[in-house]
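Below is one structure, written out as structure tokens, with a few remarks after it.
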Amino acid sequence: MKNVLDVLRERGYVKQVVFEDELYELLGKESVTFYTGYDPTADSLHVGHFVTLMAMAHMQRAGHRPIALIGGGTAMVGDPSGRTDMRSMMTKETILHNVECFKKQMSRFIDFGEGKAMIVNNADWLYDLNYIDFLRDVGACFSVNQMLTAECFKQRLERGLSFLEFNYMLMQGYDFLELNKRYNCVLQAGGDDQWSNMLAGADLIRRKVGKKAYALTFSLLTTSEGKKMGKTAKGAVWLDAEKTSPFDFFQYWRNVEDDRVATCMKLLTFMELDEIAELTAYKDERMNAAKERLAYEVTAIVHGKDTADRVLKEVKASFSLDVDNMPTVEIASPIGIIDVLVKSGQCKSNGEARRLIEGGGVSVNETKITDYAWTLPEEITSKGEFVLHKGKKVHLRIVIK
RNA sequence: GGGAGGGUUCCCGAGCGGCCAAAGGGAACAGACUGUAAAUCUGUCGUCUCCGACUUCGGUGGUUCGAAUCCACCCCCUCCCA
């Protein structure tokens, strides 16, 4: 069987590796227990987490044992990595709620069957730590001088860093040590922004128990301009269907930039590499087929095949104006066009709707609406439904209740 | 604890008594061009009963005909000294 590190490299997951050759050998000869941590800072996982979950899934398929660590304890401290300001503190209740949400979502991607994988919460060992004991035991192993040179604190050293957050690194390091002791976990994987935190843990294990530990970071999903992917007008792209509808989720991937398609396919689907190469070899409108495939595959993994099938049908109907199968929104007795736009959720306020119409972005049944005082004519109200277009990407069937 | 500088609309960031719903950039949405792409150009981007009105510039109270702009107190942040 292929070494999983090769698989991950080919697909473009791997960014940095500690003791690369040794780790490669280890992964090639035995089942390795590894972990990736997720801080429950929201009530749903998002696209950024998804990349690492996929990497975990690949590793699990290669026979290794993943531990999904949910940072119920570390979330109480807040990770300063990549942040320009302090995170707002979350209450224990919120964190607890988020932990539950994460657990539910993760089981869709990772098989948590007996002995195959585990899900643990670092609150189990962090909440009850004794300050003095912890300082003597773990704090003594860290050099402030060294910590200050870490990349993850650089930005914050210019803008301010609280002692609370400064301790995050120790917490994460301690997690790795704890997992190493409890489950013989020898590898930590995670987003590249976690590099210094991961090294801290590997170092701590070496110093405390004299064993080798490894770290591996994954590339973050970025746009061609290097910005983090997964943000839209409505905020992050969530994996929770309630927060980002499967339709919107699908459309997000359907609309990625051309030169991101191959990357996304490699990182977010299980598609074979040669198939990906084939599909993305074009530089013209044939890319659209690849994008549709990407969107379908990702949606199927996140929301299930049935949902992906349904959404694909809806999307196709929507763009080919096949009224019977288009996404439909029911609204109660709309008066004018502004009312329709707001009630259907396409505009946040009347003013926004008005401006959109003035800008020429709205059509009803193929007729562009130019007057915001426009009201539904008799032939539409008697029929009880019509097609609403917002821009060229939103096509809805509106049914009047 | 002492001294200095700050908190502005989604983000960055101007403004420093009226001409401010507040420059500029980014993000976003829409229009043109296209391939439901990128780049480019254009428009919009607080709310409303929209040629007018209303609510915003950390909080609370003042001064003033009039405050994001001045004063007082409070909260938060940064830097220097201890």
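Naming: A, B, ... by sequence-line order, numbering from 1 per chain. Just so it is clear, the structure is predicted and the values come from calculations on it, not from any experiment.
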Whole-Å distance between [N] [atom2] and [X] [atom1]?
X         : N      : atom1 : atom2 : result
Glu257(A) : A27(B) : CD    : P     : 11 Å
Glu285(A) : A38(B) : CD    : C1'   : 15 Å
Phe319(A) : A37(B) : CZ    : P     : 9 Å
Trp253(A) : A37(B) : CH2   : C1'   : 15 Å
Asp259(A) : G35(B) : CG    : P     : 18 Å
Lys348(A) : U44(B) : NZ    : P     : 17 Å

Requested in this report: Under 4.0 Å between any heavy atoms, over every strand shown, what does Gly391(A) touch: base, sugar-phosphate, or nothing? Just pick one.
Outcome: sugar-phosphate

Report summary line: Of U44(B), G35(B), U36(B), the nucleotide closest to the side chain of Val315(A) is U36(B)

**Report entry** Options A37(B), U47(B), U49(B), nucleotide nearest the side-chain atoms of Arg355(A)
**Finding:** U47(B)

Side-chain N or O of [X] closer than 4.0 Å to phosphate OP1/OP2 of [N]:
X         : N      : answer
Ser349(A) : G46(B) : no
Arg254(A) : G35(B) : no
Asn350(A) : U49(B) : yes

Requested in this report: Determine whether the aromatic ring centres of Phe250(A) and His303(A) lie less than 6.0 Å apart.
Outcome: no

Query raised in the report: Which word best sums up how the rings of Phe166(A) and Phe163(A) line up, parallel for under 30°, tilted for 30 to 60°, or perpendicular for over 60°?
Result: tilted

Query raised in the report: Would Asn197(A) and Gln194(A) count as having a side-chain donor-acceptor pair, cut-off 3.5 Å?
Result: yes

Query raised in the report: Does a distance-only test, which skips hydrogens and angles, find a donor-acceptor pair under 3.5 Å between the side chain of Arg354(A) and the base of C50(B)?
Result: yes

Report task. Can you check whether any acceptor in the base of U34(B) is under 3.5 Å from a donor in the side chain of Lys392(A), or vice versa? Result -> yes

Query raised in the report: With side chains defined as the heavy atoms from C-beta onward, is the minimum distance between Leu312(A) and Glu292(A) less than 4.5 Å?
Result: yes

